[in-house]
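Following: one structure in structure tokens, then a few remarks.
Convention: sequence-line order gives letters A, B, ...; per-chain numbering from 1. Quick note: numbers below take in every heavy atom, side chains included, and nothing from hydrogens, waters or symmetry partners.
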Protein chains: 2
Amino acid sequence: MTLEEVARLAGVSTATVSRVINNRGPVRESTRRRVLEAARRLRYQPNLHARTLAGGKSRMIGMVASNIDNPFFIDIFRSFETEAARHGYEVVLKHSDYSRKRLLGVIETLVGQRAAGLLIAVAEADESVVEELRESKLPVVFCDGGWASERMSAIKVRYATGMQRVVEHLYGLGHRRFAFLGHHLGLAAARERERAFTEAAELHSADVRYVIEEGDDSPDGGRQALQQVLRSGLAPTAVVCANDFMAIGVLTELRSHGLSAPDDVSVAGFDNIEFSRHVYPALTTVSVPRDRMARLAAFALIPQESGHPKGREVVIDPELIVRESTGPARPG
Amino acid sequence: MTLEEVARLAGVSTATVSRVINNRGPVRESTRRRVLEAARRLRYQPNLHARTLAGGKSRMIGMVASNIDNPFFIDIFRSFETEAARHGYEVVLKHSDYSRKRLLGVIETLVGQRAAGLLIAVAEADESVVEELRESKLPVVFCDGGWASERMSAIKVRYATGMQRVVEHLYGLGHRRFAFLGHHLGLAAARERERAFTEAAELHSADVRYVIEEGDDSPDGGRQALQQVLRSGLAPTAVVCANDFMAIGVLTELRSHGLSAPDDVSVAGFDNIEFSRHVYPALTTVSVPRDRMARLAAFALIPQESGHPKGREVVIDPELIVRESTGPARPG
DNA sequence: TTGAAAGCGCTACCAA
DNA sequence: TTGGTAGCGCTTTCAA
């Protein structure tokens, strides 16, 4: 079970066993085989805690996402994990459910585990979180939300551009009454999308009207937000959602009211998750390149030959993807 | 940074600091405050590796899923995590991508981390994996696949029942030509669903014909499998999928061929993931109660007052949920 | 109520 | 090529 037992059985010192197990330093082939055999017989499994404690460093990067139900975050995780693995790093995925308190707890755990770096893909990172992160001295990358500074990078999406494209697209189709459905509007990062929408809409303040509603970050959250909208009086012809995950529920809710997209109401999402292609009608959305973000994150987190990358900010321009859920506004 | 530094600053021994930090043993209130203050000033973060190493045990349960893209597994994880948290356990989610090799590696890591237990929700667990697990001496629960034995429980779904209900439903609607779309048919656990379908279909061997196709466990996998089917000659009027995740893609692919469900082809899924309600037409499926499975898993994994639960097998009967994607077979 | 000290299992350095 | 051994940071007796 322990290195020492293996050493005893093999008739060598623990130092030698360690060398064999880690393929480090010179070991005579015969000794090597003897040790391996002993380890196998004893079904030796190195204690990772002891190893990390003795070694000092770890090859583990922690990623925390707001909501693992939303495939958007899973996509980032997968790409990031693949990239990290190429450099010999393991990544563990944690989630915070949009709770600042949970986030703090998760970060604490990750720091306690002596993670080699942190990828923070959450909407609830405020100053206190950033402060806590800074004190941890760990390299950190924010994906959406947070700010760049020494040792901390930020990968952002230019929501202004994305939302502007959505609104222009819809405006061009004749839409004048909009609804924006968001989630966690109390959180700065989540609010960015709302603000981007508002700004884009205000460019047409002369003839555009809109309402903002809030729901959970889930299809059902989208449904519920839409219900609010439908009760609100303003009968929008276009519904812009903070993300695809919510938009998917909007489509369902519309249908249950006997309304159809895009004939009665146009619907747009954001993110371009895979599901957006499989709903009906296929969702018009804005592509947020998770793989590119993940690669950038990996680059910022993993020490390169040239030493550790300095904290910097990268802003990504998203692209409009027009599919079937948006169309000409109904006259009247 | 370390316990010792805190002790020095507070002018006490490390033993006392440990007591304070862990709220264990008697400590004079004034001392306690002094220590806490020192810890705060130093921004002390306990090293979890040292703690686990010294303490011997951990409150961490590892869960490994085949495919974290499939929301089915995420649902299990979330319910399980909630349940585990109530008992003071943390759970870490890992994935194996249906690779036996990756699974073995992940298990090794978890064992090396001295997990308190393992929840194995994979299709690729064969004898060698079970053997490895048995040797780890850890309490293990299989969710779908695997076998019960000393210290190992298995939570299974009676696929035979579920598939039979699907087939009977479809047969009753007049369908006689079927296709079954599955994934990883080389893996025993994944094959169970196929076998269940086959058995159900064979009950009507007199007048039912069917083909089996395989794709990835993803919507695109479903699409591709359907393409095979459409090329196969047998023009099925009903497509039964191994799970909803694949079925979702089938709906999309059908549409791209100008076919519509359920008018031209009926489609049924399995699992009842949330998305199945949001596709169009809403998917007829079989409910697999993830929350119940997760609770059973937690019960089997977490030591109760009555000592550690013995390995046992629980079989769950799934229920048919008829929605809009299935309908009467087209005459002809 | 507090402290000293013996580990937990492993790595890494220094000698041999 | 090998062994001895001093830690890594924490918990936990056992004494004081």
Any A:Arg51 side-chain N or O less than 4.0 Å from OP1/OP2 of C:dT11: yes

Rounded distance (nearest 0.5 Å) linking atom CG of A:Leu9 with atom CD of A:Glu4: 12.5 Å

Separation of D:dG9 P from A:Arg114 CZ (nearest whole Å): 8 Å

Pairing residues for B:Asp271 by the side chain to side chain contact (heavy atoms under 4.5 Å, CB included) criterion, not counting sequence neighbours: B:Phe72, B:Arg193, B:Asn243, B:Asp244, B:Ile273, B:Val288

Protein-nucleotide distance (A:Leu48, atom CG; C:dC8, atom C1'), rounded to Å: 15 Å

Nearest heavy-atom neighbours spanning B:Ala121 and B:Phe73: O-CE2, 3.2 Å

A:Met1 CE - C:dC10 P separation (whole Å): 10 Å

Tell me which donor-acceptor pairs under 3.5 Å the side chains of residues 79-86 of chain B have, and how far apart each pair is, sequence neighbours excluded?
residue, atom, partner, partner atom, Å
B:Ser79, OG, B:Asp75, O, 3.3
B:Glu81, OE1, A:His95, NE2, 2.6
B:Glu81, OE2, A:His95, NE2, 3.1
B:Thr82, OG1, B:Arg78, O, 2.9
B:Glu83, OE2, B:Arg86, NE, 3.4

Net bend of the helix from C:dT1-D:dA16 to C:dA16-D:dT1, end axes of five pairs each, nearest 10 degrees: 40°

Partner set under side chain to side chain contact (heavy atoms under 4.5 Å, CB included) for B:Ala189, not counting sequence neighbours: B:Ala123

Those residues that, when tested against B:Ser99, pass side chain to side chain donor-acceptor pair (under 3.5 Å) (two or more places apart): none

Touch class at under 4.0 angstrom, heavy-atom based, for B:Thr31 against every strand present: sugar-phosphate

Contacts of A:Tyr98 that satisfy ring-ring contact (aromatic ring centres under 6.0 Å, His included) - sequence neighbours left out: A:His183, A:His184

Qualifying residues under side chain to side chain contact (heavy atoms under 4.5 Å, CB included), relative to B:Arg19, sequence neighbours excluded: B:Ala15, B:Thr16, B:Val27

For nucleotides 12-16 of chain C, give me every protein contact, N/O to N/O, under 3.5 Å, one pair per line with atom names.
residue, atom, partner, partner atom, Å
C:dA12, OP2, A:Arg24, NE, 3.4

Rounded interatomic separation in angstrom, taking NE2 from B:His49 and P from C:dG7: 24 Å

Between D:dC10 (C1') and A:Asn47 (CG): distance, integer Å: 13 Å

Sugar-phosphate, base or nothing in reach of A:Val12, heavy atoms under 4.0 Å: sugar-phosphate

Selection: residues 2-10 of chain A, any non-hydrogen atom under 4.0 Å of DNA chain D: none

Distance test, side-chain N/O of B:Asn22 to OP1/OP2 of D:dT11, below 4.0 Å: yes

Derivation and outcome, side chain to side chain donor-acceptor pair (under 3.5 Å), residues A:Ser18 and A:Arg24: CA-CA 8 Å; A:Ser18 177; A:Arg24 226 197 294 287; over 6 Å; no

Those residues that, when tested against A:Glu313, pass side chain to side chain contact (heavy atoms under 4.5 Å, CB included) (two or more places apart): A:Ala148, A:Ala154, A:Lys156, A:Val315

Value in whole Å for how far the P atom of D:dT2 lies from CZ of A:Arg32: 12 Å

Distance, rounded to the nearest Å, where B:Leu53 contributes CG and C:dA6 contributes C1': 13 Å

For A:Arg312, salt bridge (Lys or Arg N to Asp or Glu O under 4.0 Å) partners two or more places apart: none

Distance-only donor-acceptor pairs under 3.5 Å for side chains of residues 106-120 of chain B, two or more places apart:
residue, atom, partner, partner atom, Å
B:Thr109, OG1, B:Gly105, O, 3.0
B:Arg114, NH1, B:Val111, O, 2.9
B:Arg114, NH2, A:Gln45, O, 3.2

Side chain of B:Tyr44 (C-beta onward), nearest among D:dC10, C:dC10, D:dG3: D:dC10

